[in-house]
Amino acid sequence: MSESRVALVTGANRGIGLEVCRQLAARGFHVVLTARNEEDAERAGSTIHAAGTGSVIPARLDVTDAGSIRELADDLSGRSLTVDVLVNNAGILLNEDDGALEMTVRDVRATLETNVIGAIAVSQAFVPGMIERGYGRVVNVSSEAGQLTSMETYAPAYSISKAALNAFTRQLAGETRGTDVLVNSACPGWVRTDMGGPGAPKSVEEGADTILWLATLGPKGPTGGFFSDRRKIEW
Ligand code: NAP
């Protein structure tokens, strides 16, 4: 893997996103560690020690705010930083116990806005450059909760959002097929974060593993797939 690649991670001030940044920086990436506010990005960035030519670039990015996406894209291009790897990690899980007939439309909208439309908007800002330059890796951090084959009643707004995110993975992979821009969905498993809670079986290191693997795929790696523990899983 080239040591000079630039990776952008959304929702990276804590949890799985922060761990993905830590591991990418340790592998020599320039990591654009983004968070909804700049102070959180800087504070999280200061906990990471990059290896070799790697570095951490803290930046503000609210994936639901088109202006913030534009500002970051302009800022990076002003610094001649082109994004090679995009990890759409930012996500929310609201009122998971509300059933399909109880969940509020407001929660559904907010969930889709962050988990789906946010990933689409950020991808639209950075994937065209990947296509132009002929290299890119996009990892949409999804969840087995979004698997249609096994979906029942767990967290409907969240599950619906992850199924839709997976559909976006398929669309973007279709759009980039035949290029060295590889687009995949990853399920990190049930991970001990603010979202996963303290009783989850996986550490953030374990949760980040499949995401890191997909973010650093070699040429001719898979595209348009859904992976957990580095294995392809059903949609
Ligand atoms: P987490 O600890 O709750 O962290 C979520 C991150 O997303 C935070 O940094 C949060 O920022 C950020 N975020 C939320 N809304 C945002 C927005 N509008 N713009 C930018 N950032 C935003 O969750 P996690 O467990 O690390 O989850 C990371 C990803 O893994 C999510 O997509 C989640 O659905 C997925 N996942 C997690 C598990 C699990 O067991 N933990 C399982 C399956 C899938 P703030 O600090 O500003 O809120």
Side-chain angles (χ1 to χ4, degrees), residues 8-23 31-45 47-48 58-72 86-96 107 109-123 125-126 138-147 150-151 154-166 168-169 184-212 214-215 226-229 233:
L8 189 157
V9 184
T10 68
N13 50 302
R14 58 190 168 98
I16 295 166
L18 176 56
E19 180 59 24
V20 168
C21 290
R22 190 186 312 285
Q23 294 194 36
V31 181
V32 185
L33 183 162
T34 70
R36 277 197 269 207
N37 72 69
E38 207 158 341
E39 301 75 54
D40 283 349
E42 274 163 15
R43 185 186 39 72
T47 68
I48 297 181
R60 190 182 96 80
L61 177 62
D62 180 337
V63 302
T64 65
D65 176 356
S68 138
I69 298 172
R70 211 170 28 246
E71 268 172 38
L72 178 61
L86 170 62
V87 180
N88 284 312
N89 166 78
I92 56 172
L93 167 61
L94 302 174
N95 300 314
E96 62 184 308
D107 279 356
R109 278 212 182 95
T111 305
L112 293 175
E113 194 70 51
T114 300
N115 298 5
V116 186
I117 299 167
I120 294 172
V122 175
S123 299
F126 296 106
V138 179
V139 187
N140 290 327
V141 182
S142 184
S143 167
E144 284 177 18
Q147 280 184 294
S150 52
M151 195 181 294
Y154 171 70
Y158 178 78
S159 300
I160 290 165
S161 79
K162 293 300 189 182
L165 179 65
N166 286 345
F168 178 59
T169 295
N184 292 288
S185 280
C187 173
W190 186 16
V191 181
R192 288 187 296 279
T193 61
D194 292 344
M195 185 186 289
K202 280 191 172 184
S203 64
V204 280
E205 290 85 351
E206 290 165 326
D209 177 71
T210 299
I211 299 167
L212 263 293
L214 291 170
F226 187 14
F227 295 88
S228 178
D229 291 329
I233 59 172

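Atoms within a ligand are numbered from 1 in the order they appear, just like the ligands themselves. The residues of the chain are indexed from 1 along the displayed sequence. All heavy atoms count here, side chains included; hydrogens, waters and symmetry mates do not.
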Original post:
Do K202 and W190 pass the side chain to side chain contact (heavy atoms under 4.5 Å, CB included) test, and can you show the C-alpha distance, the side-chain angles, and the key distance before you say yes or no?
Top reply: CA-CA 6 Å; K202 280 191 172 184; W190 186 16; 6.0 Å; no

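Contact annotation for T114 and ligand 1: only side-chain heavy atoms (C-beta onward) come within less than 4.0 Å of the ligand. Of the heavy atoms in E144, none comes closer than 4.0 Å to ligand 1.
Between R60 and S68, the shortest heavy-atom contact is NH2-CB, 3.2 Å. The shortest heavy-atom contact between T34 and T10 is OG1-CA, 3.2 Å. Shortest non-hydrogen contact noted between L214 and S185 is CD1-O, 3.9 Å. The two residues T114 and I92 make their nearest non-hydrogen contact at OG1-CD1, 3.7 Å. Across V191 and S203, no two heavy atoms sit closer than the pair CG1-O, 3.6 Å. The two atoms that bring A12 and A44 nearest to each other are O-CB, 4.2 Å, heavy atoms only.
Atoms of ligand 1 lying under 4.0 Å from at least one heavy atom of G196, given by number and element, are 40 (O), 41 (N). Near G15, with a cut-off below 4.0 Å to any heavy atom, the atoms of ligand 1 are 2 (O), 26 (O). Close approach of ligand 1 to D194 is summarised as follows: ligand atoms under 4.0 Å from at least one heavy atom of the residue are 2 (O). Of all the atoms in ligand 1, the ones that sit under 4.0 Å from a non-hydrogen atom of I92 are 14 (C), 15 (N). Near Y158, the atoms of ligand 1 lying under 4.0 angstrom from a non-hydrogen atom of the residue are 33 (C), 34 (O), 35 (C), 36 (N), 43 (C), 44 (C). Close approach of ligand 1 to L61 is summarised as follows: ligand atoms under 4.0 Å from at least one heavy atom of the residue are 19 (N), 20 (C). Less than 4.0 angstrom separates some heavy atom of V141 from each of these atoms of ligand 1: 29 (C), 30 (O), 32 (O), 35 (C). Listed by number with element, the atoms of ligand 1 under 4.0 Å from a non-hydrogen atom of G189 are 38 (C), 39 (C), 40 (O), 42 (C), 43 (C).
In this structure the side chain of V20 never reaches within 4.5 angstrom of the side chain of V139, judged on heavy atoms. Side chains of T64 and I117 form no contact here, defined as non-hydrogen atoms less than 4.5 Å apart. Residues K162 and N115 have side chains in contact (heavy-atom distance under 4.5 Å, counting atoms from C-beta outward). Counting only heavy atoms from C-beta outward, the side chains of L18 and L33 approach each other to under 4.5 Å. N140 is not listed as a side-chain neighbour of N166, based on a closest heavy-atom distance of 4.5 Å or more.
Nearest protein neighbour of atom 18 (N) of ligand 1, counting heavy atoms only, is D62 OD1, 2.9 Å. Of the protein's non-hydrogen atoms, G11 O, 3.6 Å is the one closest to atom 6 (C) of ligand 1. Considering only non-hydrogen protein atoms, atom 21 (N) of ligand 1 sits nearest to A90 CB, 3.4 Å. Counting protein heavy atoms only, atom 44 (C) of ligand 1 is closest to S142 O, 3.1 Å. In this structure, the protein non-hydrogen atom closest to atom 24 (P) of ligand 1 is T193 OG1, 3.6 Å. Scanning the protein for heavy atoms near atom 3 (O) of ligand 1, the closest one is R14 NH1, 3.1 Å. When hydrogens are left out, the protein atom nearest atom 5 (C) of ligand 1 is G91 O, 3.7 Å; that is the closest non-hydrogen contact. Looking only at heavy atoms of the protein, atom 19 (N) of ligand 1 is closest to V63 N, 3.0 Å.
Between the S159 side chain and the P156 main chain, no donor and acceptor come within less than 3.5 Å of each other. A donor-acceptor pair under 3.5 Å links the side-chain atoms of R192 to the main chain of A200, judged by distance alone.
More than 12 heavy atoms of other shown residues, nucleotides or ligands fall within 6.0 angstrom of atom CZ in R43.
Residue N89 has at least one N or O atom closer than 3.5 Å to an N or O atom of ligand 1. For ligand 1, none of its N or O atoms has an N or O atom of S143 under 3.5 Å away. Note: no N/O pair closer than 3.5 Å links W190 and ligand 1 by distance alone. Ligand 1 has an N or O atom lying under 3.5 Å from an N or O atom of R36, backbone or side chain. An N or O contact shorter than 3.5 Å links I16 to ligand 1 by distance.
Proximity of R192 to ligand 1 is not established, as no heavy-atom distance is less than 4.0 Å. Assignment of A200 to the shell around ligand 1 is not supported, since no heavy atom sits closer than 4.0 Å.
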